[in-house]
Amino acid sequence: MRTTAKHGLTLSEPRASGAAAESALERRVRERLARLRSLELWRTLDEPAGVDFCSNDYLGFAGHPRIRERFASAARQLGAGSTGSRLLRGHRAGFGHVEKRFAKLKGTPAALYFGTGWAANLGVLTTFLEAGDVVFSDQLNHASLIDGMRLSGARRVVFPHRDWRELARVLANEPCSGHRFVVTESLFSMDGDLAPLRRYADLQRRHGFSLIVDEAHAVGIYGATGSGFIEEAGCGGSVFLSVNSAGKALGVSGAFACGPEWAVELLTQSARPFVFSTAPPPAVAEAVDESLNLLQQSDRLRRRLRGYGRALRSALGRTGGDSPIVPVVLGPNRAAVRAARLLQQQGYDVRAIRPPTVPPGTARLRIALHAELDRTVFRRFTKDLTSVTEELGGVAE
């Protein structure tokens, strides 16, 4: 690259004109897009169509008339937007109210509401994990957890999925000059299986690490009150912080970080996704509050939902487990895309899940069940799914 002197400064001439550089960038991007197509990794933005077997609206709350009316009424009264971050002008009494209600539901002293689950996970992990710390992470943790750990500066040690024995081994052998954390989902979003939280609680008592649990897909489904799998496992006393979605079984949006008051206070002061984000519309907090009202009356829905989980696994030749997430692993991307298309043609909204959402070679259908699903439709879908699975060689995990 040639340099020239001008006004006493040495200037580097650009490698190419602005138009040429932009053209080079376009070529690079188009090559990446073409590669996605060739690998059957191309995604499209498709509106819902057919019977829902793919969304996370497990209890059917998203369209519930009481939640819709509460949201609409609050929007008319409070406006469409919050106008700023919670620490600026975006705070409303409704946010504080649902935080107190959710903390009580989880049996923790405090809770903080974030606009999204992704923001909550990034906020929690980048606030508490520091350089010198070691964080032990389940191999199949969600991308938001992985990104939060990467941004934190802590050293990450990945242990095999749900392998508490290997976790015990690395806890005993990995050096750490700071603090140790263990991070896991409770109900895993792509495999539909559960973390061995009781085992982790035993390890926590022996090793003294801080346990962080993402309950995104377990809230509303597990526990006597529907608070999540921590409640069902009976290990709340061993959990430092939990992150709990309001946008899946609760049918609205956002997520609560729940834990000790001092920890929630630090999140309020320092979690960048909270401090620097415009608060959600105030009407969202009102809708979440109504969802919590419905959750108190949802025992029948939870039992029915988990019954569907057992029934579908049994029909696909797999015993054990009752979560509403049932993966059918097909392997090649092309097979998963074809299976989804065949089921869509029969009137079911099923989507193909491919890398990087799941590991290479494990493309699948992620069947998500719903409590309000008609039993006749469920039986017909089970038969059609079994037929497609047998044709394409899928395995229910």
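Checking each of Phe102, Phe114, Phe95 against Phe256 for a ring-ring contact (aromatic ring centres under 6.0 Å, His included) leaves exactly one that passes, namely Phe102.
Under a 3.5 Å cut-off, the side chain of Glu26 and the backbone N or O of Arg30 do not form any donor-acceptor pair.
Applying the under-4.5 Å side-chain rule to Ile, Leu, Val, Met, Phe, Trp and Tyr, the cluster around Ile353 extends to Met190, Val358. Applying the under-4.5 Å side-chain rule to Ile, Leu, Val, Met, Phe, Trp and Tyr, the cluster around Trp118 extends to Leu122, Leu151.
Scanning all heavy atoms of the two residues, the minimum distance from Asp46 to Arg351 falls at O-NH2, 3.5 Å. Nearest approach of Leu197 to Ala233, heavy atoms of both residues: CB-CB, 4.1 Å.
For Trp262 and Phe240, the gap between ring centers is short of 6.0 Å.
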Requested in this report: Report the C-alpha separation of Glu215 and Ser186 in whole Å, then their side-chain angles, then the decisive distance to 0.1 Å, and conclude whether the side-chain hydrogen bond (donor to acceptor under 3.5 Å, both in side chains) test is met.
Outcome: CA-CA 5 Å; Glu215 289 253 74; Ser186 57; 2.5 Å; yes
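Applying the ring-ring contact (aromatic ring centres under 6.0 Å, His included) test to residues at least two apart or on different chains, the pairs with a partner in residues 276-319 are Tyr308-Phe378.
Between His161 and Phe188, the two ring planes are perpendicular [angle over 60°; tilted spans 30° to 60°]. The aromatic rings of His207 and Phe209 lie parallel to each other, with less than 30° between the two planes, well short of the 60° mark.
Taking 4.0 Å as the cut-off between side-chain N and carboxylate O, Arg162 and Asp138 do not count as a salt-bridged pair.
No chain of hydrophobic side-chain contacts below 4.5 Å, direct or via other Ile, Leu, Val, Met, Phe, Trp or Tyr residues, connects Leu140 to Ile367. Using a 4.5 Å cut-off between side-chain heavy atoms of Ile, Leu, Val, Met, Phe, Trp and Tyr, with links allowed through other members, Leu292 and Tyr113 fall into the same hydrophobic cluster.
For the residue pair Arg27 / Ser23, a side-chain donor-acceptor distance below 3.5 Å is found, with atom types taken as modelled.
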